[in-house]
Structures are given as structure tokens and as C-alpha cells.
Amino acid sequence: MVWSESVPRFWRERARKYRLVGGRCRKCNSIVYPHRSVCPHCGAENMEPIELPRRGKVVTFSVVRHPPRGFEGKEPFLVAVIELENGARVLSQLVDVHPEDVKEGMEVVAVFRRYREQAPNGIIEYGIKFRPLK
Amino acid sequence: MKRVYILGAGATKVGEHWDKSLRELAVEALLSAIKDAGIDKREVEALYVGNMMSGELQGQEHLGSLIATWSGMAGIPAFKVEAACASGGAAVHQAFLAVASGAYDCVAVVGVEKMTDALPSDVTAALLTAEDQEYTVFVGATFVALNAMVYRYYLSKYGVKQEHVAQFAVHCHRMAVANPYAQFRREVKLEDVMSSPLIADPIRLLECAPTGDGAAALVLCDEEYLKRNPRDELVEIAASAAATDIFSVHERKDLSTVASFRRAAECALKRAKVEPERIDVLEAHDAFTILGVLTLEELGFAPRGEGWRLVVEGQLAPGGKIPTNTMGGLKARGHPVGATGVYQVFDLFTQLTERAGSNQVDNAEIGFAGNFGGVAGTTVVHLLKRVR
Ligand SMILES: [Zn+2]
């Protein structure tokens, strides 16, 4: 699909995707990922970008057995909601662990990994995934 | 605001319509609703088309003019309304507002989706356009996986057994047997559901609404128009309400509740001055079994974590505490995505006009439908009242 093969579209997200840049609301103190200009919780327009902590816990997870486009052949793989040490929540992949060994509450740490390729000979999209801390 | 009535309703069977195109399905349902209304189609002043994926699956947008033209109604204002899986409900909402505001006396709404033209992988990608492409689709999460995470969270939080929630699918299949419009008119056993393949853990294949084609349509009008074109067995849309929630599931404060549904439902119940206990027939958006159970809990029919009891005790069947998805719901009537919200109202209309055959709920006066878009990033609800 045309929209999935845009270099600038990925490039402009690079700080948020490579360095886990979230936003902290100066009004209600919510911390969200990714960073944006307006707080989704209180509507305040004074979010500040912050690098999020690398450690967190698994809140909930699933095993994708029918992969979406761009992830063919990678199944089964794990996706999870991770709550970071400062309370921010991130949707990400869990790696270096078998699905049957994942538990809610499990401690995880961020790692830099490959996500997908934009068509043959296109750019490779990288980002943050999480692996068990121990 | 003016009162809004359902003057007519029509639908195609939900299923694999290999011989029918998106536009043919829409035209069939629309003309059947106009025929049911007993009016000339030239009387219809505006058309709202509920659809989610025609751009992705057919490469076709601009459905308003297309469907109006193929129905012989070119000339009138006509628009596509999109809100992911709540597109149908959103289209009914727009049609309702158009009449309630006094802008038009008589309008039509048709919800349509044609899913079998595309490969399953294309349907998966098209459904995912409802989610955040940059931060959800990017990590490989599918629509089923997102709902699966809500499901797992719920099961753990309340210590509920999956087979108790999965029973919702068994109920829906049982109801669909007598519905001539349903995609799957056959029963399934709980063992079949629990042994069907995992799609995204813990969700199994038979806990998911199927892929299918279909179209459903309604003709809505105000009171003066109704006086000129009276019909027996009259149903009023006593309230139409919609709400949004924070877009992505992981950004919400609570994963186990459906805030947009609660908000829209409270608004509709208040406007119609109806207590939830007075609902006689409920249409739940059971794209996955867990959503059916959450719907029951949000309306207060069961405490949190205990909605499954109503399912297991058989309280969702006609004669039970809260007859739900009495025509099969998304699971067995079918879920042609952008048409579903209109099918829900069509099914309630069927009950309130006593056309439900062996699934008829006795003395059904009030019907309520909740239509979720995405993982309920949008909800549209409709409250219908039989007028005697
Ligand atoms: Zn805030």
C-alpha cells in the first residue's frame, strides 16, 4: 500500500520511536507515549517531551498468530501493554521470551530492534521492543 | 428537536455474496426499506451511507453519489459516513439528526460492507485502518490482538474463566437459527468454540464475528410526514447518541471498561427518560465475546466481572432477564462492518414490530443498541420505542 512506503512519514517519528520520547502534561501530570502537543487526558496544550524510563512491567499481552501486513512469517509473536516505571504506558512487542513464559506483572526492559521493511529495497523501520529483565 | 420515526426497514441476508457487488447490495437493501415504508423513492430528501472499508477493499469512495445514482435517486444530498466498525450506527445518527433538526422530513440510511472481494490479509489490513498506524499497527498488533489484551486483562482482574465468556458465542448462534437474514443459521457447542484455533491469545476463532457481505437500510421521518404516510406497528427512535474514548487502548486509564459506551448510553437513556431495567431487547456489539459481556456490565445488568453469569444462566434468550442479540448478533447474524450498526437497529425494529418469529420477545417495547468503532474509540447507541 502506498501509505506504508513513505520515508518522511517514518523519519519524522524517529525521536519518538528510537528514543521512546513521551510527553508529560504540565497541568495534570499525565505521561503519555508518544509525545504530542495536546494532553489526551485533560486537553492542556503544554506538554513537554521527556525520554521515558527503559524499565517497566507487562500489564496485558497477546500472541499474534495471524500477522498483519509487514509481519508475515514472524508469527507467532508477542504484543503487550507495558507500564513503565513512571506510569506511562506503551504498546510494544515482547522479544527473547516464549509466549508460555510471559506473565502479567513480568519485569521488562527496552531494547532497540528491527520492526519491518518498507517493501523490497525500501528503508528498514526500527523501534523499541521489550525483553524480560531477568 | 422533532420526534423521529422508522417508516421502513430492509436488509440483505448477511453472507458471502459472490454474485453481488457493494453497490448492488446497498441498492437492494435501500429499495427494500423504501418499499417497506410504502413511499415513492422521490420523496427521500437525503441519503446517508454507512461504510468503513470501500476505499481499501474496492478502491471505491464517494459512495453517497454512487449509491444515490444506482438507486435512481441522483440529485439528493448523499454522503458516506465513516467511524470504523461504528460507521453504520454513525450513519443512522446523522440521519436521525437530519430529521430531528427539521432540516429534512424524510431521509434514508443504508449501511453496507463488501468484504469477500478481498484476501483475508487485505481485510486484516483494512480493519487495522481503525487503529493508530504510527504506534499500534507499527508494532504488529492486529485488531484481534488489541481486543485480546482487553480480554486477558478482564479475565485476570476478575478471575473469570474464559469458557464462561465464550458461551456468548454459543448463545448468538442459537438465536441465529431462526433468523433468515443471518450468516450462520446453525448452533455451535462450547467445546467447538474452546477448541477452535487461537487467533490472538486468548481469543479463539469462534469467539470472533465472521467476515461477510451485507447491507441494511432504514427510512426515517418526522411526525408530520408520518401523518401523511401512516403505518401500523410504529417505532420511534427515542434517542440517538454517540461518544468517543481516548483513541488507543493502552492510553486509557482502565482497560476493562468501555467508557465511550457508558457515556453514550447514559446520554441516550437520559434523553429518552428510560431506566436500563426497562430495556426489553438489547443489541450488543459482540465482535468478540468479551465485548458482549462488557456491554451487559456497562448497562448495569450485572456487576463488574459477573456479566458472564447472565450468559451462562440463559438470561439473554427471549423470556430471560435481558434478551440480547436475539437475531444472532455480530457473531452469527454477521458483521459486515460498516453495515452492522444499521443491522442492529433493523433487528430491534424486527422485534418491536413483532416480526421476529420464534425469537419474538413478548411485548417488546424498548430496544437498545450499542455499536462500537475500533476498540470502542467510538460508540453509537440507539434507543427505540414502540409507539402504540
Ligand atoms: Zn493533562
Side-chain angles (χ1 to χ4, degrees), chain A residues 1 3-4 6 9-10 12-13 16-17 22-23 30-36 39-41 58-72 74-83 87-94 99-100 102-105 113 115-116 125-130, chain B residues 55-57 59 119-129 131-157 197-205 208 244-256 259 288 290 375 377:
Chain A
M1 263 177 257
W3 48 261
S4 64
S6 163
R9 185 174 179 179
F10 188 77
R12 75 174 70 94
E13 303 294 328
R16 288 176 276 215
K17 282 184 173 167
S30 293
I31 304 173
V32 298
Y33 177 79
H35 173 57
R36 71 208 67 180
C39 175
H41 296 289
V58 173
V59 176
T60 182
F61 65 98
S62 182
V63 186
V64 177
R65 296 177 188 274
H66 292 258
R69 199 168 281 137
F71 295 86
E72 294 91 345
K74 304 276 182 1
E75 74 277 14
F77 61 87
L78 285 150
V79 293
V81 174
I82 313 291
E83 185 164 298
R89 284 185 174 185
V90 177
L91 181 71
S92 187
Q93 280 194 17
L94 291 178
E100 53 271 29
V102 180
K103 297 270 181 298
E104 290 141 294
R113 293 288 169 91
Y115 265 101
R116 60 185 185 186
E125 299 184 354
Y126 291 88
I128 300 293
K129 298 185 184 179
F130 287 81
Chain B
E56 292 285 323
L57 301 183
L119 297 169
S121 59
D122 290 326
V123 173
T124 301
L127 286 169
L128 269 172
T129 62
E131 296 301 327
D132 184 337
Q133 289 294 330
E134 311 292 358
Y135 291 92
T136 296
V137 181
F138 171 69
V139 306
T142 58
F143 194 59
V144 189
L146 294 169
N147 284 278
M149 287 192 282
V150 169
Y151 196 1
R152 182 188 298 279
Y153 184 81
Y154 173 91
L155 294 177
S156 300
K157 181 172 179 179
L198 282 161
I199 304 298
D201 311 24
I203 294 181
R204 291 179 181 275
L205 179 65
C208 307
T244 52
D245 192 359
I246 286 180
F247 192 71
S248 294
V249 171
H250 70 272
E251 291 188 340
R252 297 179 192 160
K253 301 280 186 196
D254 187 354
L255 282 160
S256 62
F288 306 97
I290 179 64
V375 191

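First the proteins, then the strands, lettered A, B, ... as listed; each starts at 1.
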Q: Name the region of V59(A), side chain, backbone, both or neither, that has any atom closer than 4.5 Å to a heavy atom of chain B.
A: both
Q) Side chain, backbone, both or neither: which part of F61(A) has a non-hydrogen atom closer than 4.5 Å to chain B? A) both
(Q) Out of A145(B), A141(B), A148(B), return the one with the most heavy atom pairs under 4.5 angstrom to chain A. (A) A145(B)
Q. Of all heavy-atom pairs between T60(A) and M149(B), which one has the smallest distance, and what is that distance?
A. OG1-O, 2.7 Å
Q. Quick one: are I246(B) and H41(A) in side-chain contact, heavy atoms under 4.5 Å?
A. yes
Q: Starting at CZ of R89(A), measure out to OG of S248(B) and round the result to the nearest 0.5 Å.
A: 13.0 Å
Q.
For the interface with chain B, which of E83(A), Q93(A), E13(A) has the highest count of heavy-atom pairs at distances below 4.5 Å?
A. E13(A)
Q: Mind ranking E125(A), E75(A), E104(A), K129(A) by heavy-atom pairs under 4.5 Å with chain B and telling me who comes out on top?
A: E104(A)
Q: Could you look at A80(A) and say if it's the side chain, the backbone, both or neither that has a heavy atom under 4.5 Å from chain B?
A: backbone
**Q.** Considering all heavy atoms, the nearest H250(B)-L91(A) contact
**A.** ND1-CB, 3.5 Å
Q: Kindly give the heavy-atom pair with the smallest separation between Y33(A) and E251(B), and that separation in Å.
A: O-OE2, 3.0 Å
Q. Are any non-hydrogen side-chain atoms of F138(B) and K17(A) less than 4.5 angstrom apart?
A. yes
Q: Determine whether R16(A) and E134(B) make a side-chain contact, defined as any pair of heavy atoms from C-beta on separated by less than 4.5 Å.
A: no
Q) Which residue out of V32(A), V79(A), V63(A) racks up the most heavy-atom pairs below 4.5 Å with chain B? A) V63(A)
